[in-house]
**Q** 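Can you keep this structure in mind? I'll have questions shortly.
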Amino acid sequence: MLLPVLGMAQQRPTPRAATPPKGQRIELLTAAELVGGSFNGVTIRKLIGNVSFRQGTTLLYCDSAYQYTERNALEAFSNVRIIQNDTVTITGDRGTYDGDTRKARMTGNVVMRDPSMTLTTSALDYDLSTNLAYYNTGGHIVDPENTLDSQFGYYNTTSKVFSFRRNVHVVTKSNEINSDTLQYNTVSKITYFFGPTRMKDKLQRTLYAENGTYNTITKLANFQRNAKIETPEYLLGGDKLVYDQNTEYGIATGHVSMTSKKDNLEIRGDVGRYWRNLGRIKVYGSQPVMRNISGKDTMYLAADTLLSIEPKPPQPEARSVLYAFRKVKIFRGTMQGRCDSLTYDRQDSIIYLNRNPILWADKNQLTADSMEVRQRRNKIDQIRLYANSFVVGQDTLLNFNQVKGRNMVAYFSENKLKKVDVRGNAESLYYALEGDTVVSGVNKALSANMAMRFAESKLSSISFLTNPDASFIPPPELKPEDAKLKGFAWRAPERPTRRQVLGKHFALPVKPKSKAKPNSKTKKTTPKKTATPKAPAPKPAPVKVPARPPAAR
């Protein structure tokens, strides 16, 4: 008597509620009426009225059924219900069940329920051995938190995980999610994306990604691969994006781009942080770059950190402002510049440059303690210089014409310098040229205020408005110290180039070198006679002519 007991003790323990082995007969429990016979040459038992079957822990109920005694299978009709382990219930109009493979198929008004969800569909296949249910005719899932719809779906009743394909639509308490491929854990309430996915909230904000997760309870999204946040004001994207809908805070990393829709402005960098409640986006890493397209002119601005602030919905009167910090560089077709901090009022199109600002406009260099660049109709209208203002320009002979004063206002027309007003402690030094080839002298002047007019970016006249003191120095009397005003510094090597400002974020495409096509036919050519190069003609010596300063009044 002890031998069988010892043998059982040495075997691996069997888990509770073990899956019945294949081949276990389906047991008929109840039926109001039983009729035996054959159907299409197959022996069956026709069961009518309050029919029920059992196989292990699986129960099946229906109004009527055909039981195939030779192959351990049955067909059930009307009010069909399958119950597995007292946890999973499937109902439908008609069903089939194979007791050997333990596979069931239910059709017509199918409803599947377990403690975590309810699924409705028109047809459902369920493998009781693997606990995997499948539908391909469209399904609708409801749980206490969300509803889900898709064309195809798999459900694992053990892991409680749904896998959806094609036209996936999820509705949560605060979002709508549309995807092509998605998984949903009915216990943790986490969705997993494996294809293009869009999630829109009640405030018309849209999150897009091609891979990632979203927790429908904590409202935390962790998106990867082409991740984006889109609001009525912004479009923020990156390789990866983490966004908390409760705090409305998000962080994007890798190939970050922020686009402001209303003023055609885009910022690119390595890291971007988004505060929805504050209306702020901060971009930094690898010198982020702003691009602002205005008609045919485009302005690029690079710095260590770029901070964009948009007015929040309750404050429409607030301004849209861009702040740039540390090592700021500007490139525009008609203007380049540098400074250490910058503020761009996008509503009034005014750029404020602070901390060692310097601008280059055509052949002119402008410096001051601080500056303002005012724009009108997407073109430079004025540049205002405050404290220690200094303007330097080169003429055709590369001489340095100079103007300095307390404050200045430079006026532009069609992005060309037309007039400069010097207000307070004005000083000027300009070279007088004959035919743009010979220096005839140097004009130096002092005045409380001064006005200069330009034609084709060249000085045409100077007006001394208050207490003028002017002198003209002919070339023989010009000393080296007379060629520079105090504070003069020519900083052309610091002028940013397009490639320096655009960096890697707006890198210019590299044009492939075109390979020369080999000639199919070789032509006989006669060598051309090469002309003997002539020695260059000596430059004429400067001719001294009477001094002719620019017109002054």
Side-chain angles (χ1 to χ4, degrees), residues 198 200-201 203-209 223 226-239 241 243 248-325 328-333 335 337 341-353 373-380 501-506:
R198 283 180 172 82
K200 182 178 289 187
D201 64 12
L203 298 176
Q204 299 302 311
R205 287 169 296 191
T206 302
L207 277 74
Y208 171 87
F223 285 2
N226 298 326
K228 297 178 179 67
I229 299 177
E230 185 174 3
T231 72
E233 304 88 16
Y234 286 119
L235 177 61
L236 174 65
D239 292 341
L241 173 65
Y243 184 66
E248 296 187 318
Y249 168 75
I251 178 169
T253 56
H255 297 95
V256 173
S257 66
M258 186 282 288
T259 302
S260 178
K261 297 179 180 180
K262 67 178 183 179
D263 48 14
N264 204 9
L265 181 145
E266 182 181 4
I267 298 174
R268 295 183 185 178
D270 285 346
V271 182
R273 297 182 182 271
Y274 172 53
W275 294 266
R276 172 67 174 79
N277 288 331
L278 301 177
R280 294 185 177 183
I281 291 182
K282 180 180 179 181
V283 183
Y284 56 94
S286 297
Q287 196 180 61
V289 183
M290 179 212 75
R291 178 177 66 182
N292 190 10
I293 301 175
S294 302
K296 296 181 180 180
D297 197 6
T298 302
M299 180 175 70
Y300 294 92
L301 188 152
D304 287 350
T305 303
L306 299 176
L307 176 63
S308 176
I309 298 180
E310 292 282 351
K312 293 182 290 184
Q315 300 174 341
E317 71 281 359
R319 295 180 177 275
S320 300
V321 181
L322 176 76
Y323 297 97
F325 309 105
V328 182
K329 295 192 288 290
I330 304 170
F331 186 90
R332 193 171 181 171
M335 181 185 71
S341 66
L342 178 147
T343 302
Y344 179 19
D345 187 331
R346 285 144 53 191
Q347 186 167 331
D348 290 341
S349 297
I350 300 177
I351 302 174
Y352 302 89
L353 295 87
V373 179
R374 295 175 175 259
Q375 304 174 84
R376 179 180 295 178
R377 296 177 182 176
N378 301 322
K379 295 180 180 179
I380 299 175
V501 178
L502 270 59
K504 70 174 186 178
H505 302 297
F506 288 97

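In this text, all values refer to a predicted model and were calculated from it rather than measured experimentally.
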**Q** Tell me, please, which residues at least two apart from Y249 pass ring pair (Phe, Tyr, Trp, His ring centres under 6.0 Å).
**A** W275
**Q** For A303, give me all partners under side chain to side chain contact (heavy atoms under 4.5 Å, CB included), at least two apart in sequence or on another chain.
**A**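 Here the qualifying residues are L306, A324, V328.
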**Q** Quick one: list whatever passes side chain to side chain donor-acceptor pair (under 3.5 Å) with Y284, sequence neighbours left out.
**A**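 Partners of Y284 under the side chain to side chain donor-acceptor pair (under 3.5 Å) test: R273.
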**Q** Hey, are the side chains of R276 and Y243 touching, using non-hydrogen atoms and a 4.5 Å cut-off?
**A** yes
**Q** Would V271 and K282 satisfy side-chain contact (heavy atoms from CB on, under 4.5 Å), going step by step from the backbone distance to the final call?
**A** CA-CA 8 Å; V271 182; K282 180 180 179 181; over 6 Å; no
**Q** Could I get the full list of side chain to side chain donor-acceptor pair (under 3.5 Å) partners for K379, not counting sequence neighbours?
**A** E414
**Q** When rounded to the nearest 0.5 angstrom, what distance separates CD1 in I351 from CD1 in I380?
**A** 8.0 Å
**Q** What's the shortest heavy-atom distance between Y274 and I281, and which atoms?
**A** CD1-CG1, 3.4 Å
**Q** If I compare all heavy atoms of D348 with all of D345, which pair ends up nearest, and what's the gap?
**A**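 In terms of heavy atoms, the two residues are closest at N-OD1, 3.2 Å.
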**Q** Testing the basics here: between G237 and A252, what is the closest heavy-atom pair and its distance to 0.1 Å?
**A**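 For G237 versus A252, the nearest heavy atoms are O-CB, 4.1 Å.
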**Q** What pairs with R346 under salt bridge (Lys or Arg N to Asp or Glu O under 4.0 Å), at least two apart in sequence or on another chain?
**A** D263, E310
**Q** With sequence neighbours left out, what residues match F223 under ring pair (Phe, Tyr, Trp, His ring centres under 6.0 Å)?
**A**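 By the ring pair (Phe, Tyr, Trp, His ring centres under 6.0 Å) rule, F223 matches F193.
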**Q** Tell me, with the steps shown, if R291 and R268 meet side-chain contact (heavy atoms from CB on, under 4.5 Å).
**A** CA-CA 8 Å; R291 178 177 66 182; R268 295 183 185 178; 4.0 Å; yes
**Q** As an exercise, state the distance from OG1 of T206 to CG of D201, rounded to the nearest 0.5 Å.
**A**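 Separation between the atoms: 7.5 Å.
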**Q** Apply side-chain contact (heavy atoms from CB on, under 4.5 Å) to residues D270 and K504 and explain how you reach the verdict.
**A** CA-CA 10 Å; D270 285 346; K504 70 174 186 178; 3.4 Å; yes
**Q** Taking atom CE of M290 and atom CD1 of I330, what is their separation to the nearest 0.5 Å?
**A**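 Those atoms lie 8.5 Å apart.
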**Q** Rounded to the nearest 0.5 Å, how far does OH of Y323 lie from CG of L307?
**A**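 If we round to the nearest 0.5 Å, L307:CG and Y323:OH are 7.5 Å apart.
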**Q** Hey, does E266 have a side-chain heavy atom less than 4.5 Å from the side chain of S257?
**A** yes
**Q** Test of understanding: with side chain to side chain donor-acceptor pair (under 3.5 Å), list the residues that count as partners of R332, not counting sequence neighbours.
**A** D297, Q375
**Q** Suppose we screen for salt bridge (Lys or Arg N to Asp or Glu O under 4.0 Å). Which residues come up paired with K261, at least two apart in sequence or across chains?
**A**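 Once residues adjacent in sequence are excluded, the partners of K261 under the salt bridge (Lys or Arg N to Asp or Glu O under 4.0 Å) criterion are E230.
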**Q** Could you tell me whether the side chain of K228 reaches within less than 4.5 Å of the side chain of L241, counting heavy atoms only?
**A** no
**Q** Would you please name every residue forming a salt bridge (Lys or Arg N to Asp or Glu O under 4.0 Å) with E248, sequence neighbours left out?
**A**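 Listed in chain order: R205.
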**Q** If I compare all heavy atoms of I309 with all of Y234, which pair ends up nearest, and what's the gap?
**A**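 Looking at all heavy atoms of both residues, the shortest contact is C-OH, 3.9 Å.
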**Q** Would you please name every residue forming a side chain to side chain donor-acceptor pair (under 3.5 Å) with Y344, sequence neighbours left out?
**A**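 With neighbours one apart ignored, the set is N292.
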**Q** When L301 is tested against each of I267, L265, L342 for side-chain contact (heavy atoms from CB on, under 4.5 Å), which residue passes?
**A**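 The residue from I267, L265, L342 that satisfies side-chain contact (heavy atoms from CB on, under 4.5 Å) with L301 turns out to be L342.
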**Q** Please report the shortest heavy-atom distance between H505 and S286, naming the atom on each side.
**A** NE2-O, 3.0 Å
**Q** Test side-chain contact (heavy atoms from CB on, under 4.5 Å) on V256 and L236; report intermediate values, then the result.
**A** CA-CA 7 Å; V256 173; L236 174 65; 4.0 Å; yes
**Q** Applying salt bridge (Lys or Arg N to Asp or Glu O under 4.0 Å), name anything that partners D239, two or more places apart in sequence or on another chain.
**A**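 Once residues adjacent in sequence are excluded, D239 has no partner under the salt bridge (Lys or Arg N to Asp or Glu O under 4.0 Å) criterion.
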**Q** Ring pair (Phe, Tyr, Trp, His ring centres under 6.0 Å) with Y208: which residues, sequence neighbours excluded?
**A** none
